[in-house]
Structures are given as C-alpha cells and as structure tokens.
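Take a look at the structure set out below.
In listed order, ligands and their atoms are each counted from 1.
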Amino acid sequence: MEEAWLLVLMGMVGVVMGGYPTVTPSVGQVWPRPQMMKTEDTYMVIRPNTFKFSTVGHDCDILQEALKRYIRIMFKSHWDPETQTNQPWRKDTGFKGYLDGVSVSLLTPCEANPHQNMDEHYEIKIDSPDAPGEGTIISQSIWGMLRGLETFSQLLVPDASAYSINSTQIMDYPRFAFRGLMLDTSRHYLPVSKIQETLDLMAMNKLNVFHWHIVDDQSFPYVSAAFPNLSKLGAFSSRHVYTADDLHTVVEYARLRGIRVLPEFDTPGHTKSWGPGQPGLLTPCYKESVPDGTFGPIDPTNHNTYDFLKTFFTEITSHFSDHYVHLGGDEVSFSCWESNPNITKFMDKHNITGSYNKLEEIYISKLLDIIANLPTKNGYLVWQEVFDNDVEIASDTVVHIWKNENLPIAWKNELDKVTSRGYHTILSSCWYLNYISYGVDWYKYYECDPQDFNGTDGQKQLVLGGEACIWGEYVDRTNLTPRTWPRASVVAEKLWSSSAHTSSTAEASPRLEEHRCRLLSRGYDVEPIWPSFCSADVN
Ligand SMILES: *[C@@H]1O[C@H](CO)[C@@H](O)[C@H](O)[C@H]1NC(C)=O
Ligand SMILES: *[C@@H]1O[C@H](CO)[C@@H](O)[C@H](O)[C@H]1NC(C)=O
Ligand SMILES: *[C@@H]1O[C@H](CO)[C@@H](O)[C@H](O)[C@H]1NC(C)=O
Ligand SMILES: *[C@@H]1O[C@H](CO)[C@@H](O)[C@H](O)[C@H]1NC(C)=O
Ligand SMILES: *[C@@H]1O[C@H](CO)[C@@H](O)[C@H](O)[C@H]1NC(C)=O
C-alpha cells in the first residue's frame, strides 16, 4: 500500500529516474583542460567546516582575497552545515582520509598588476606519492596561483554533506598568453555589476584580458574629466555612464582575478557619439557643395584634433594600468572625407593623390606617435584594417584580426600576411559570439585554431592568442551572460589547453557539460548547449 502511494506520488511530481540527455557530464574534470593531469581512483574527503588554506610562501592582498573568494566558490551551493557530520562520507577501499588543509606555496613576491608576459604556471598535488595525504598548490607567480586555485576548486566533487577529491597531480600553464573577451558598452549600457559578473566568469575560465570597447557611434558612456561634454552630450543619459570610480572598480576587480583591462577608444571611424561634446572634431559631410548636417570620421586635417587626442589619451592611460590600449581603426568610411572640400584642399596641398588610405595613415601615424610618447609610453592594438590599408605602424603593434569573409581562408591568409611582416597578432574572426543560430553551435568555435595557417614556426610564435567578442547591438544586461557563456568557455579552452588536447569535440563534450553545470551551480545563468540537465536546475 505504502509502495503504491509512493509510486503515485512520484508520478504526480514528475520524478523520472533516468532520462536521455544528449551528453552525460564528466565528474571532477577541469575546464579548460590542464596540460598534464594524472588522477588515481583513490580519494580524500573535504569537509567545509574544517577545511583551510594555509600560505607557506609569499603573500599579498591578491592572494588573501582569492583564498576567501575560493572558499565561498567551493562551498557555495552544496553545503548545509546543519546536516554535516564528521562521519566518513564514503568509506571504501579508495578512501585516503580527510583533507583538512591545502598549503598554498607562492614562490616569488606578488606583482601588482597582471601584464602581457605574466607567468601563469602552477602545480597541484593532492595525495601525491611524494606527499601522501597532503594537498599543495605551488606557483612561481601570483597569476599562476590564481589559475591553480580555480583548478583546485573544480576538482571538488560535491556530495550531500561534503566533497571528495581524487588523488591528483597537475602541472599546467597556458598555450597562449593573450586570452581575451570583448564587451561593447556603447550599443547598450552594461551596469558595472554585469561587468563584474563577466570578470568572475572569465576567471573561472582562465581568460586573462578584458577588452572594453567602451564607446562607439551610439553612445559615449565614459566620463572624461578633461572633456565632460563628451559623455554629457554623448551618453544615452546622465545615468548610463562610467565614472572614474566605476573604472577604478572594474580595473581593481579584474586585477584581483589576474585579468588585464584593455580599454578601446576606436578612432577615426565609429565616433559619432564624440561629435556633440567636441565640436570641430568630426568631419562635416557635404552634399552638392553644402554641409548636409551629418558627420563622418574624425577630421585628420584639423590641428586641434591632435591636441585633443593627446589630452584625452593621457587621461585614459591614467585610469588603466595595462601597457596596451586598443586604438580601433576599423571600418573607416571614406565617403564623407571625399565629400568635404577642406579635406580635398588639404590633400592637394600635401600632394596626396588618389587614395584616402594615405589620409587615414596620416591620422593613424600621428595618433600612434601621441600614444607612444605619453608619459606612460603605451603599446597598442589596432583592428586589421589599419594593417590592410598599408598604414605604417610601429613594429610592436598587435594586429587584431576580425574579418570573416570567405570563411576561413581570408583570416588564415591574414594571419600569414600579418605575421610574415613580423607583427604580433590576435584572432577573433571565428569567435564572434554575438552571432547566434539554432542548434549546437560551439563545435565551430572549438574547431578554430589561431595557429592553423600556412606559415613558419617563427610566424606562429607571433600569434599571441585570441579573443571572443560579444558586440552589443542586441545584447544588454538581460542576455549578456547566457549569450556569452558557456560559448566563451569553448574559446577559453582553445586558448589555454594544448592543441593536442583540444582536437576533439567528442572528448570535450562531457567536460563542457560538467563545466556548464558547475557555472550554473555557482549561480550564473549560463545557457544550455543541447538537451541536458544539471542538479542546479531545480534550485
Ligand atoms: C576518481 O575516483 C573515482 C573512484 O573513487 C573514479 O570513479 C573516477 O573516475 C576518478 N575520477 C577521475 C577524474 O579520475
Ligand atoms: C558644454 O556644452 C554646453 C552645452 O552645449 C556648452 O554651453 C559648454 O560651453 C560646453 N563646455 C565646454 C567645456 O565645451
Ligand atoms: C573649412 O576650413 C575653414 C578654414 O579652416 C573653416 O572656416 C570651415 O569651417 C571649414 N569647413 C568645413 C566644413 O570643415
Ligand atoms: C607630388 O608628387 C609627385 C609624384 O610623386 C611629384 O612628382 C611631385 O614633385 C610632388 N609635388 C610636390 C609639391 O611635392
Ligand atoms: C596552405 O597550403 C596548402 C598546401 O600548399 C594549400 O593546399 C592550402 O590551400 C593553403 N591554405 C591556405 C589557407 O592558404
């Protein structure tokens, strides 16, 4: 009778024991996959109320904050202190005891800010042959330690009241130094809290560059101290802005997670929103020899332009600690320049015939000169058109490849061309996450490799990495996280893990499924990638 009732009840609440998800998630696997990971079937048990990290090497605020953060992350969703007992959680022959502490061994003093050449190597030993029953995370640098803590947190497998962790040895480092994600805060404003959420997710995927495409044609949310009218007249509203405090908050939040912030101020095109706040900056467009009231790219013939840029970028680089800024330079429309008689006069006077590329070059080379001579002596990235238009660029320029015509031949040829001329480069062409389609779309992101082009080994060394981009025309705070993740996780693994370990979508599938469930259980609305279920679905 009771059994019958139970069956009825189970039927009513829809309990089905075993459905048919597309892929069964792995258990206790790491995303992105480490370079070397060896696990045994033996395991230790971690009890949240007794577990501690202890620092045995160097220490600093970044490390202390990270240890606190990872305790929260590791024990977030599955731990109920009420039900926790000190009984073994699963005492079988594989049980090697309780792991009540992990020693965190940082071998050199912390650097203040993450940078292009930061060292991200780390090692993890849990119940290893040379230290049975113990746990250690070892790194030369604070940046490697942050990556190691993330990996350690992913090794924990939750059960009702505790966590198990297999005997494990990991030796890990990234394949590429530049592993980026770009957000666009011009087409739609993104609240600082959403940017912070993105930075959290980036750290959980070992991405290390936040490329902030902060302004564009549609709005100018950056509040400039020197030119307050830029945002006063160029932002969507007085509330859709980023103040100096906001910038500081973002840069600091990123720093604590080992993430560089690369600000982009794209010129001379994509600058409509700059116009109202800075009269004279943009080129007035003409129609039948009268101004038609619209404006084109920044006017490269006007002296004041360069004074403005110098003051403006001096201010920008004071907010951001990274050596690099992104100067844009994409999609410059020449039709407005062609229509303007002053521009024509300037070109005649300077004996510039035929090509407006040359005019663009004059602008860009003056801008590059300004940036290189700022007190902070910054380096820069540019979108590929600057290179394509034969603009002379400094030898340390990083060329950002984004075009995706005639997929994928064009970007492979471009990688070859850029690197054969000796420039560093990063690839985004195959990783525009703002494009969506029906069906499983992540295979194509996983099958793209930034070193997969015809070139010498020397050329391939010039590829610094790549970047996932999520343009904001159809993305705001409501859909940012699900549209970006876990698809950006796929890019993250391609950029971190070895090419030999990332050649099979079939191998990656169960791990990606586990990782997606992991991010969901940590409280992030990451979207599903196929029919599936996670334990966090029902909470
Ligand atoms: C961890 O150990 C269990 C047995 O305790 C085994 O089933 C599982 O495959 C191991 N996991 C990994 C990632 O090696
Ligand atoms: C800012 O814009 C206002 C309104 O258009 C104008 O009156 C003021 O002179 C401008 N300030 C600067 C510094 O250009
Ligand atoms: C062209 O240049 C002249 C002289 O500098 C200036 O007075 C005029 O406003 C300019 N016109 C346009 C449309 O740029
Ligand atoms: C303009 O360029 C042409 C072709 O390169 C050259 O012959 C001529 O001397 C130049 N004129 C001036 C004024 O620089
Ligand atoms: C690379 O070289 C191979 C062999 O010469 C050729 O078949 C292939 O089309 C080339 N790929 C690209 C992207 O040019």
(request) Please indicate whether any nitrogen or oxygen in Asp41 is less than 3.5 Å from any nitrogen or oxygen in ligand 1. (result) yes

Check each atom of ligand 1 against the heavy atoms of [X] and keep those under 4.0 Å away; list them by number with element.
{"X": "Asn166", "answer": "1 (C), 2 (O), 3 (C), 8 (C), 10 (C), 11 (N), 12 (C), 14 (O)"}
{"X": "Gln29", "answer": "13 (C)"}
{"X": "Thr39", "answer": "12 (C), 13 (C), 14 (O)"}

(message) Quick check on the 6.0 Å ring-centre criterion: do Tyr189 and Tyr242 meet it?
(response) yes

(request) Answer yes if the ring centres of Tyr524 and Trp485 are under 6.0 angstrom apart, and no otherwise. (result) no

May I ask you to decide if the ring planes of [X] and [Y] are parallel, tilted or perpendicular, using 30° and 60° as cut-offs?
{"X": "Phe308", "Y": "Phe312", "answer": "parallel"}
{"X": "Tyr163", "Y": "Phe75", "answer": "tilted"}
{"X": "His240", "Y": "Phe236", "answer": "perpendicular"}

Identity and distance of the protein heavy atom lying nearest [atom]:
{"atom": "atom 6 (C) of ligand 5", "answer": "Asn454 ND2, 4.1 Å"}
{"atom": "atom 11 (N) of ligand 2", "answer": "Asn229 ND2, 2.9 Å"}
{"atom": "atom 5 (O) of ligand 2", "answer": "Leu233 CD1, 4.2 Å"}
{"atom": "atom 13 (C) of ligand 5", "answer": "Lys412 CB, 3.9 Å"}

(request) Check whether any protein heavy atom sits under 4.0 Å from atom 9 (O) of ligand 5. (result) no

(request) Give a yes or no on whether atom 2 (O) of ligand 2 lies under 4.0 Å from any heavy atom of the protein. (result) yes

(request) With sequence neighbours excluded, tell me which residues meet side chain to side chain contact (heavy atoms under 4.5 Å, CB included) with Pro174. (result) Glu120, Arg179, Trp496

(request) Report the residues that fulfil side chain to side chain contact (heavy atoms under 4.5 Å, CB included) with Thr456, sequence neighbours left out, ordered by chain and then residue number. (result) Gln459

(request) Answer yes or no for Lys412 and Phe453: cation-pi contact, defined as NZ/CZ to six-membered ring centre under 6.0 Å and angle to ring axis within 45°. (result) no

(request) Of the side chain and backbone of Asp416, name the one, both, or neither that has a heavy atom under 4.0 Å from an atom of ligand 5. (result) neither

